[in-house]
*Asks:* 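Quick one: this structure, given as structure tokens, is what I'll be asking you about.
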Amino acid sequence: LATTSRSDAACVTLHELFEETLVVPLLTEISSVEKLLFDSGYEKEALDMAILITDKFESIGIKSVLRLAERASATAQMITQIDGSKITGEGRNNALKDILDDFSGDEAVASSLCEIL
């Protein structure tokens, strides 16, 4: 069983590899992203993280939300190891803000590189 939010992948790649492929919709609402994060263990900061993510993206896949949350958690953990503090929801949210800000910069650079080539 495979799941994806990309119908093109379901029709070509995944269809050949799995017996059953389901296409799930992209997440577009704060409440959907919040529920995903809450159910994934980010209880206290789920709403704040969901707001940050949905402010950045009109729609986003489940896997992408979880990747962003994990990157934020790993970044916050790394910072706490460096400065000896304790990991907090605020630390994760600050890390997520930085990741999302970097994403904008990365997107702009990639766009300009494609224009040059």
Side-chain angles (χ1 to χ4, degrees):
L1 176 65
T3 60
T4 183
S5 55
R6 294 182 44 209
S7 57
D8 61 325
C11 293
V12 182
T13 309
L14 296 177
H15 177 70
E16 296 172 5
L17 298 173
F18 294 92
E19 290 180 27
E20 187 76 28
T21 302
L22 302 173
V23 178
V24 295
L26 293 170
L27 303 176
T28 57
E29 300 195 14
I30 292 171
S31 60
S32 300
V33 176
E34 178 188 14
K35 179 163 177 29
L36 171 63
L37 291 168
F38 186 89
D39 291 346
S40 299
Y42 298 94
E43 291 93 359
K44 293 178 183 176
E45 57 269 9
L47 177 59
D48 292 335
M49 292 176 86
I51 290 169
L52 290 170
I53 291 169
T54 54
D55 282 350
K56 182 69 179 170
F57 303 100
E58 288 181 21
S59 60
I60 187 166
I62 292 169
K63 187 175 180 180
S64 296
V65 170
L66 295 175
R67 282 183 178 164
L68 287 168
E70 283 300 310
R71 284 182 60 195
S73 188
T75 301
Q77 180 67 35
M78 189 173 59
I79 290 169
T80 61
Q81 289 174 348
I82 291 169
D83 67 14
S85 64
K86 210 173 182 188
I87 193 165
T88 63
E90 182 181 355
R92 282 191 189 102
N93 288 337
N94 289 336
L96 181 58
K97 286 177 193 173
D98 291 342
I99 290 165
L100 293 172
D101 288 344
D102 286 347
F103 184 82
S104 294
D106 294 346
E107 200 171 51
V109 168
S111 176
S112 67
L113 286 174
C114 291
E115 289 173 10
I116 294 170
L117 300 174

*Asks:* Please report the closest heavy-atom contact between Phe57 and Leu100, naming both atoms and the distance.
*Replies:*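 Scanning both residues completely, I find the closest heavy atoms to be CE1-CD2, 3.8 Å.
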*Asks:* Out of curiosity, Thr80 OG1 to Arg92 CZ, how far, rounded to the nearest 0.5 Å?
*Replies:*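 One finds 9.5 Å between OG1 of Thr80 and CZ of Arg92.
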*Asks:* For a quick test of reading the model, state the closest non-hydrogen atom pair linking Ala95 to Ala72 and the distance between them.
*Replies:*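 So the two residues come closest at CB-O, 3.5 Å.
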*Asks:* Around Glu19, counting heavy atoms of other residues, nucleotides and ligands shown, do more than 12 lie under 6.0 Å from its CD?
*Replies:* no
*Asks:* Starting from Val23, walk the hydrophobic network (Ile, Leu, Val, Met, Phe, Trp, Tyr; side-chain heavy atoms closer than 4.5 Å) and list everyone else you reach, by chain and number.
*Replies:*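 Cluster partners of Val23: none, it stands alone.
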*Asks:* Roughly how far apart are Met49 CE and Thr54 OG1, rounded to 0.5 Å?
*Replies:* 12.0 Å
*Asks:* If you measure from CG on Leu52 to CD on Glu45, what distance do you get to the nearest 0.5 Å?
*Replies:*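 Separation between the atoms: 11.0 Å.
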*Asks:* Not counting sequence neighbours, which residues clear side chain to side chain contact (heavy atoms under 4.5 Å, CB included) with Ser40? List them please.
*Replies:* Leu36, Tyr42, Leu66
*Asks:* Can you measure from CG (Leu68) to CG (Leu37) and round to the nearest 0.5 angstrom?
*Replies:* 9.0 Å
*Asks:* I'd like to know if the side chain of Ser64 reaches the main chain of Ile60, judged simply by a donor and an acceptor atom lying under 3.5 Å from each other, with no hydrogens or angles considered.
*Replies:*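 Between the backbone of Ile60 and the side chain of Ser64 there is no qualifying donor-acceptor contact (under 3.5 Å).
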*Asks:* Do the side chains of Leu47 and Ile30 get nearer than 4.5 Å, heavy atoms only?
*Replies:* yes
*Asks:* Drop me the distance from Ile53's CD1 to Asp48's CG, to the nearest 0.5 angstrom.
*Replies:*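 It comes to 11.0 Å.
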*Asks:* For Leu26 and Ser5, work out which heavy atoms get closest and say how close.
*Replies:*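 Scanning both residues completely, I find the closest heavy atoms to be CD2-OG, 3.3 Å.
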*Asks:* As an exercise, state the distance from CG of Asp98 to CG of Asn93, rounded to the nearest 0.5 Å.
*Replies:*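 These two atoms lie 11.0 Å from each other.
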*Asks:* Pairs in or reaching into residues 21-36: which pass side chain to side chain donor-acceptor pair (under 3.5 Å), with residues at least two apart or in two chains?
*Replies:*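 Listed by first then second residue: Lys35-Asp39.
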